[in-house]
Structure formats: C-alpha cells, structure tokens
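Inspection log for the structure reproduced underneath, given as structure tokens.
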Amino acid sequence: MSPGTLLLLLLAHGVQAQVENRVIFLLGTFQNVSVSRNETVQAVVSRIPADVAYVTLQFHTQHRNATLSYSRMPGLGPSLTAVDSGLLSALVPSQATLSLFMSSPDEDTVAGTGVVLPYSSTDPVPGACNAEVNLDIDPNVYILYNLYETTIRFAPANLGYERGGTPPACDTSTEPDTRWRLRYDVYQYFLPENDLSESSLFAAIQAVADVQGAMKNGKRVMTLLASDASTAGFNSIPGQGVVYSVVVRDSLRNASASYVPAHTYACSFASTLDGCHTLGKISTKIFFTIAGLAGLFVCFFGHRFFKCELFCMGFSFATFFFFVLITRTTDLDYDICLAVSVVIGVAGGVILVMSWWRFGSVMACVVVVGLMLGFLVASTVLFTPLGDLNVLRRSDAVFWSTFCCIMVTVPLFFVRWPREGNIVTCGAVGAYAVILAVNAYIYTSLSFITLNILKRFLNDYFSAVFTDVPFQSADYVMITVWVVLGVSGVVLQLYRERTRPFFPPSPYLMWLQERERRKTNVLDPSYHFPPLRNRLLARARQLTRRMEPAGEHTPLLL
C-alpha cells in the first residue's frame, strides 16, 4: 500500500494522522524498540539497494504481544499480533524507502528487538503461497504447545521474482520450474538452561534470525519437501527456551530465505500456578524428594536390606503402571491421579515383599527387579539420537517392540548372576531416583530419559515428535553424579556382601524349618513346651480357680 493511498484511506475514514515515533532500521542490523500503550512506532527503512526484491521485518518480544501492520491504524489493513511477528513487503521498481508500523495491542508497554532483512529476486519468498486470509504473504512460524509436544507450522513459500513482476502461480503445476522444487530445513536452537532472561532470548533470536545464523548456530532437525505438510512436532520441555527457525531453499538457483523465527518456553509467563517462574507442583516435589531419599538408601544398602529394596521396586513399578492407566482412562486432576497411584504403589510394594516372604522365590522377585533395570536401560537407549530414527518415530509397533526387547533382555543376565545383577540394579536405579529428585528443584535433561516414555504412553500422537533435548553444562554434572553414585553403590555393596549368602532366606520358610526342628528334636527344651492352646487354657483356669497356699499344715513335733 503506497503512502498516497494510505493517506486517502485515512481521510476517507475521517482519521487524523497520528504523530508517532520513528525508528530507523538499517538492513540486517538489529534494533531494540519500546512501544508504549496508545502509541504507534513507525519503522523506516531507507536507501534500499535496487537489487533487493523484498524485505522482511521481524519483531520479537519475550512474552507480550506486539502488532505489526502495513498502515498506521492496524484495523485498516493487514496486520499480525504475536510474540514473534513478521511482515514481508515486496518492493516496486525504483522504491528505496519503506515504512511499517508497530503498536501495543494491550495496555502495557512492549519492549522487543527487530530487524529488517533484504532478499534478492532469486531468493524464495517465505509464505507466499499462504492459504490463510489474514496475510497474503505470511513469513511467520507459528507455535502451539501442550504438556507433551510442541508443534510448529508455516505457510509454503514460492519462487522469487523481479520487482514489479507477477508472482509465479502456486498450485497450477508440480513441474520442476514451480515452487514444488523447494525444500524446507527446520532448525532448533536451545537457550541456556534455567535462563528465562530477556537478554538471553534476544541474543538467541539474533543468532538464528537469518539464513547464515540458522545454519551456523542452529541444529537442523529435519528437512521437508514441498509435498510434505508444513508442520513439525517436537518434545515439550517446560521452562526450557527453544527457538525454531525455518530456511526455505531453491537448489536450482542456489538461493535461500529465512522465515521469521519463533520461540517458546512451553509454559506461560502470565500463569500464577505452574507458570514459567513457578514450574513444578508441590505434590511432585514432595513425591520425588521422598523417592530420591529412598533411591539413595537403595543405592548403597538395597541388597543388605532386601525387603526394603523389594518394597521400593514394587512401589515404583505399580505407581508408574497405574499412573498411566488412571491418566488415560479418567479425567481426574493430576494431584488426585498421583495420590491414587501412590496408594496403589504402596500396596504393590507390600505385595512383592509378602510374595517373597511367603513363597521364598528369590528368582521371581529378582526378575521383577531386573525389569526395572531393563526399563531404565531401554529408556536410556531410546533417549539417544537412535530414538529419533524415522522407523522408530513413525511406527509405534516398531518403537514398543524395540523397547520391550531391550527391557526383557536385561533380566536374562540375572539368571546367571542374580546377586550381581540385583546389586547393579540397586546402584543404577537408586542413583537415577536421586537425579529425579534433583530435577524437581533444578532442571536437568536427564529426567526426560523416563519422561519421554511416560509421554509416549499418555499421548497417542507423541510418536511423531522429535524428542531432542539440550545437553548443557548442568546435564554433564548430573551425569557425573549419576555415574559416581551408581558405581560407588555397586562397589560398596559387592565388597560388603562378598562373604555373605547370595540372598537372605525367606522368613516364612525359616519359621517352618524351626517349627519342624522343635517337633523332632527331643533334646530341645522347647520340645517339652506345651502348645499355645494348652497354655491359654491353663492361664484361664488360673484366673477362675482359687490357689491353695503353699507350706506345712501339720503341727510341729516337739
């Protein structure tokens, strides 16, 4: 829309021209902008080279919406209101100056950073084949997230064209000379862990805002063809900042262009409960704190106190299983689901202990313990980049078959080395419980080893999600803690138990043996001890019968 047309439109609506602030943008240079309420800021770009066919204006804030528009009044023309917003302006011949407008849709002042990027006529035009009605050309990346996954979407691009030229048709043909030859590279850039600062976000945005920055600093996670749906799913990591950028490439012209990057923390800055600054429910912290203390005990003393170890393993198995079952089959609140699962978990731990107490089958109990280690090993294997292979990500059957095979294979080693396998399980699983307890207070990516499996159990569509998580300095520290605790616990228990029996005997079987020994050993004083029934009857008779005094009743002889 030209300035003259805009002025006529304003006069036709009886609107007076507003005196607004002006911000001068240099091509490719970031500019910090603050927009007060009831204020419109004019973004001016001048001295645009003749070889630039179009430009994109990006404006990013941390969590407050900002409005970008082609006109001074957003309601009079196309506009976009978002946290990460961008507009694309195709230039006409001889145009060297451009003005776009920024405003705050809410009652608060909006502060952010913006940049204007130039592109030539050979570069693809991001979002030029947009099917939405809001913007004819939409170069933005849109983000939706929930507890389990984060989804991005964007509009397909078109081939570049000269100033004043006619844009190529979008869907009339699929020949190689149309937009169907374009490719879309999706990049992911993680912010520092536990860093919710605005400066950190702006630095990340500046690092991946253009094509060169996305290629150099971002991690390419996938490439989409023009025939693919222009969407991608990723693992939600509440509290962890992530910037997603998309680069569209034209291999025939050896040209590329960048969409407007978008960011998310997978949490809300406005929520007072479980917001980005208050992540983690109290119930979750209490649960994992107790679990961490129990895990520390099992790590160093699990095999020595076999009943305590069995209770902890049975509790963990039953709690996880029934939490998944209750969450999938009911609409109960999270705290209620967790409380019910804990109660059932206590019952599961007691049942496992009582089964060993009554039947004395060590191997049966050790197999259950081995399945816990197998679960952790399988989760760890699929937490690696192996879990993002297309054959595992797109097929639930292949994923769960692989998971179950690894999980079931681990307990087979317990048949040959039951004591060693049990001690290794105590060290590995107990130390990981400590890591989960730490995660309740300080974020660590290691929690997603098991959390990703839990999410896939609970969400039918989580299989299509990329489960990549950042590994930063805090995670390497936690890996060290996990390894040191696990190895120390295993070595200590192996050393302490080297001269002891492999497993403690069953209390019930010991009681049976003791009772049989008392029946057959006549030299044992307990052999002559009357049965309980006779002792109770004798005691009852004493309570109802008058006892005769003991002593001499005949007269003394002189």
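The analysis underlying the following values was restricted to heavy atoms, covering all of them including side chains, and did not include hydrogens, waters or symmetry mates. Please read all numbers here as calculations on a predicted model, not as lab measurements.
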Measure the spacing between [atom1] of [X] and [atom2] of [Y] and express it to the nearest 0.5 Å.
X	Y	atom1	atom2	value
F399	L382	CZ	CG	4.5 Å
L446	Y476	CG	OH	10.5 Å
S200	I205	OG	CD1	10.5 Å

Is it the case that more than 12 heavy atoms not belonging to R220 sit under 6.0 Å from its CZ atom?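 Result for CZ/R220: open.
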
Which residues share a side chain to side chain donor-acceptor pair (under 3.5 Å) with D123, sequence neighbours left out: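 Partners of D123 under the side chain to side chain donor-acceptor pair (under 3.5 Å) test: S120.
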
Report the residues that fulfil side chain to side chain donor-acceptor pair (under 3.5 Å) with Y189, sequence neighbours left out, ordered by chain and then residue number.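 Scan of Y189 (side chain to side chain donor-acceptor pair (under 3.5 Å), adjacent residues dropped) gives none.
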
For [X], which residues count as a side chain to side chain contact (heavy atoms under 4.5 Å, CB included) partner, sequence neighbours excluded?
X	result
P418	M363, F503
I143	T150, I152, Y244, A262, T264
T81	N65, T67, P105
W400	D396, F403, I453, R456, F457

Could you tabulate the donor-acceptor pairs under 3.5 Å formed by side-chain atoms of residues 287-297, not counting sequence neighbours?
{"unit_1": "T289", "atom_1": "OG1", "unit_2": "K285", "atom_2": "O", "d": "2.5"}
{"unit_1": "T289", "atom_1": "OG1", "unit_2": "Y441", "atom_2": "OH", "d": "2.6"}

State which residues pass salt bridge (Lys or Arg N to Asp or Glu O under 4.0 Å) with [X]; sequence neighbours excluded, sorted by chain then number.
X	value
D228	none
R183	none
R249	D185

Evaluate whether the separation between SG of C267 and SG of C276 stays below 2.5 angstrom.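 Answer is yes: C276 pairs with C267 in a disulfide.
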
Okay, side chain of N140, backbone of Y142: is any donor-acceptor separation there less than 3.5 Å?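 The answer is no, because no donor-acceptor pair under 3.5 Å joins these two groups.
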
Within the side chain of W482, is there an N or O that forms a donor-acceptor pair under 3.5 Å with the backbone of A428?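 Such a contact is found between W482 side chain and A428 backbone.
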
I need the minimum non-hydrogen distance between T61 and G112, along with the two atoms involved.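 For T61 versus G112, the nearest heavy atoms are CG2-CA, 4.1 Å.
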
How about L454 and F323: do any of their side-chain heavy atoms sit closer than 4.5 Å?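 A side-chain contact under 4.5 Å exists here.
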
Any side-chain heavy-atom pair from Q493 and F301 closer than 4.5 angstrom?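 Answer no - side chains too far apart.
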
Check the orientation of F306 and H303. Use parallel for under 30°, tilted for 30 to 60°, and perpendicular for over 60°.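 Because their plane-to-plane angle is over 60°, the rings of F306 and H303 count as perpendicular.
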
Could you label the plane-to-plane angle of the F315 and F311 rings as parallel, tilted or perpendicular, counting under 30° as parallel and over 60° as perpendicular?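 The rings of F315 and F311 lie parallel, inter-plane angle below 30°.
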
Using the salt bridge (charged side-chain N to carboxylate O under 4.0 Å, His left out) rule, collect all pairs that involve residues 318-340, keeping only residues at least two apart or in two chains.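 Counting only pairs at least two positions apart or across chains, the salt bridge (charged side-chain N to carboxylate O under 4.0 Å, His left out) contacts touching residues 318-340 are R328-D460.
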
Can you sort out the partners of Y184 under ring-ring contact (aromatic ring centres under 6.0 Å, His included), two or more places apart, ordered by chain and number?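 F154.
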
Polar contact flag, side-chain donor to acceptor under 3.5 angstrom, N452-N235: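 Distance-only check passes for N452 and N235.
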
Between D210 and S258, a side-chain donor and acceptor under 3.5 Å: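 Checked: D210/S258 side chains show no N/O donor-acceptor pair below 3.5 Å.
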
